[in-house]
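No hydrogens, no waters, no symmetry mates; every other heavy atom, side chains included, goes into these values. No experiment lies behind these values; they were computed from the predicted model shown. Labels below follow one simple rule: chain letters A, B, ... track the order of the sequence lines, proteins then strands, and each chain is numbered from 1.
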There are 2 protein chains.
Amino acid sequence: MAADSLSLTFTALADPTRRAILARLSRGEATVNELAEPFAMSLQAVSKHLKVLERAGLVTRGRAAQWRPCRLETAPLEEVSDWLGRYHEQWEDRFDRLDEELLRIQNGTEGEQSHE
Amino acid sequence: MAADSLSLTFTALADPTRRAILARLSRGEATVNELAEPFAMSLQAVSKHLKVLERAGLVTRGRAAQWRPCRLETAPLEEVSDWLGRYHEQWEDRFDRLDEELLRIQNGTEGEQSHE
DNA sequence: TGTGTGATCAACCTAAGAGTTGAACAACTG
DNA sequence: CAGTTGTTCAACTCTTAGGTTGATCACACA
């Protein structure tokens, strides 16, 4: 079931509909109807997606009359960013190796002298 | 089903066992047995997890005799990092607002004059 | 007070995830 | 060749996810 925060966040982000909802919310608050409008699915389905996003802490909702305006919360994204940071080093290493390679080729310290 | 690359990656990252496997692989290649050792689950279950990671492109495997050494691939993580980047601005905005707030308090431009 | 609108709840379906066990395949080792 | 080790395949179970429809709740307005 994976109750930990990171798993809930990754689970929430694993669906393209939910990522689209987040993209929409990054441009400002929106009601459920507004959020559902672009999608070829029922309002209830979108409501469920919002629940998943809420469970992950990516969305909070207010209460204005009969509307429940949704707001984006970035804290879980920062958590993801922190997690990613542990691996950032590795792909930088890869780039570093690539850089070295390119540098060696540019400097002509390899292949220029004798063979090949 | 979500066949897009980001969804596959987030799905793969949504499980703590799989994230632990990635953490192990970040310290170097490992066989399936080595990867399975820390977990209280069958080898077959770990094998399935590896398939999910492979499907997302987070792991590739070699072939050395009867072993299938697993290697970490960071490309999908970079993709996640890029995706996150679109939201980075937002949480920096939040921090900026916090900074302004703190600055205002430090400068004493608020509250210092009369009330409270 | 009744009616239209925004949103959720509840029941249901189908498919996919995560785990199990048992059998099979592949490659080394005696 | 037989046996051992590493790994996967296949079939099964249980739970969750994503979607549907129909009913219900909550509020605004006339």
Side-chain angles (χ1 to χ4, degrees), chain A residues 1-22 24-25 28-72 76, chain B residues 1-22 24-25 28-72 76:
Chain A
M1 186 164 285
D4 66 290
S5 171
L6 260 183
S7 296
L8 289 177
T9 303
F10 280 130
T11 296
L13 297 180
D15 185 284
T17 300
R18 287 194 289 265
R19 290 199 304 278
I21 289 175
L22 292 182
R24 168 64 187 80
L25 288 178
E29 294 195 3
T31 68
V32 179
N33 262 298
E34 286 167 349
L35 290 172
E37 195 273 328
F39 302 109
M41 72 179 67
S42 69
L43 202 69
Q44 290 94 322
V46 173
S47 194
K48 278 193 184 181
H49 281 303
L50 285 170
K51 256 189 165 169
V52 175
L53 291 167
E54 238 183 330
R55 186 177 50 155
L58 283 159
V59 158
T60 53
R61 343 176 59 159
R63 218 165 260 248
Q66 67 264 55
W67 295 276
R68 310 253 154 44
C70 301
R71 187 194 346 266
L72 174 66
Chain B
M1 188 161 288
D4 65 291
S5 171
L6 260 182
S7 296
L8 290 177
T9 302
F10 280 129
T11 297
L13 297 180
D15 185 283
T17 301
R18 289 195 288 265
R19 290 199 303 278
I21 289 175
L22 291 183
R24 168 65 187 79
L25 288 178
E29 293 194 5
T31 67
V32 179
N33 262 299
E34 287 167 348
L35 290 174
E37 196 272 327
F39 302 109
M41 72 179 67
S42 70
L43 202 68
Q44 292 94 320
V46 172
S47 194
K48 278 194 183 184
H49 281 303
L50 285 171
K51 255 188 166 173
V52 176
L53 290 168
E54 238 184 330
R55 185 176 52 153
L58 283 159
V59 158
T60 54
R61 343 177 57 160
R63 217 167 259 248
Q66 68 265 56
W67 295 276
R68 306 291 311 279
C70 301
R71 187 196 346 266
L72 175 66

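For B:Lys51 and C:dG17, the NZ to C1' distance is 13 Å, given to the nearest whole Å. Distance A:Phe39 CZ to C:dA7 P: 15 Å, rounded to the nearest Å. Put simply, CG on A:Leu13 is 14 Å from P on D:dA17, counting in whole angstrom units. Counting to the nearest Å, the P atom of D:dG6 and the CD atom of B:Glu37 are 13 Å from each other. When the P atom of D:dT8 is taken as reference, atom CD of B:Glu54 falls 8 Å away, rounded to whole Å. In this structure, the CG atom of B:Leu53 is 13 Å from the P atom of D:dT8, given to the nearest Å.
Distances shorter than 4.0 Å separate none of the side-chain N or O atoms of A:Asn33 from OP1 or OP2 on C:dT5. Contact annotation: A:Ser47 reaches the phosphate of C:dT8 (side-chain N/O to OP1 or OP2, under 4.0 Å).
In this structure A:Gln66 satisfies the side chain to side chain contact (heavy atoms under 4.5 Å, CB included) test with no other residue, sequence neighbours excluded. Scanning for salt bridge (charged side-chain N to carboxylate O under 4.0 Å, His left out) contacts around B:Glu29 gives B:Arg71, with sequence neighbours left out. Residues passing the side-chain hydrogen bond (donor to acceptor under 3.5 Å, both in side chains) test with B:Arg19 are A:Asp4, A:Ser7, sequence neighbours excluded. When the salt bridge (charged side-chain N to carboxylate O under 4.0 Å, His left out) test is applied to B:Arg61, the partners found at least two apart in sequence or on another chain are B:Glu54.
For residues 35-53 of chain B, every residue pair satisfying the side chain to side chain donor-acceptor pair (under 3.5 Å) rule, not counting sequence neighbours, is listed here: B:Arg18-B:His49.
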Problem - Nucleic acid footprint by protein, nucleotides 19-30 of chain D - heavy-atom cut-off 4.0 Å, B for base, S for sugar-phosphate alone - result: BBBB----BS--
Problem - Pair B:Leu58-B:Leu25, side-chain contact (heavy atoms from CB on, under 4.5 Å): steps then yes or no - result: CA-CA 10 Å; B:Leu58 283 159; B:Leu25 288 178; over 6 Å; no
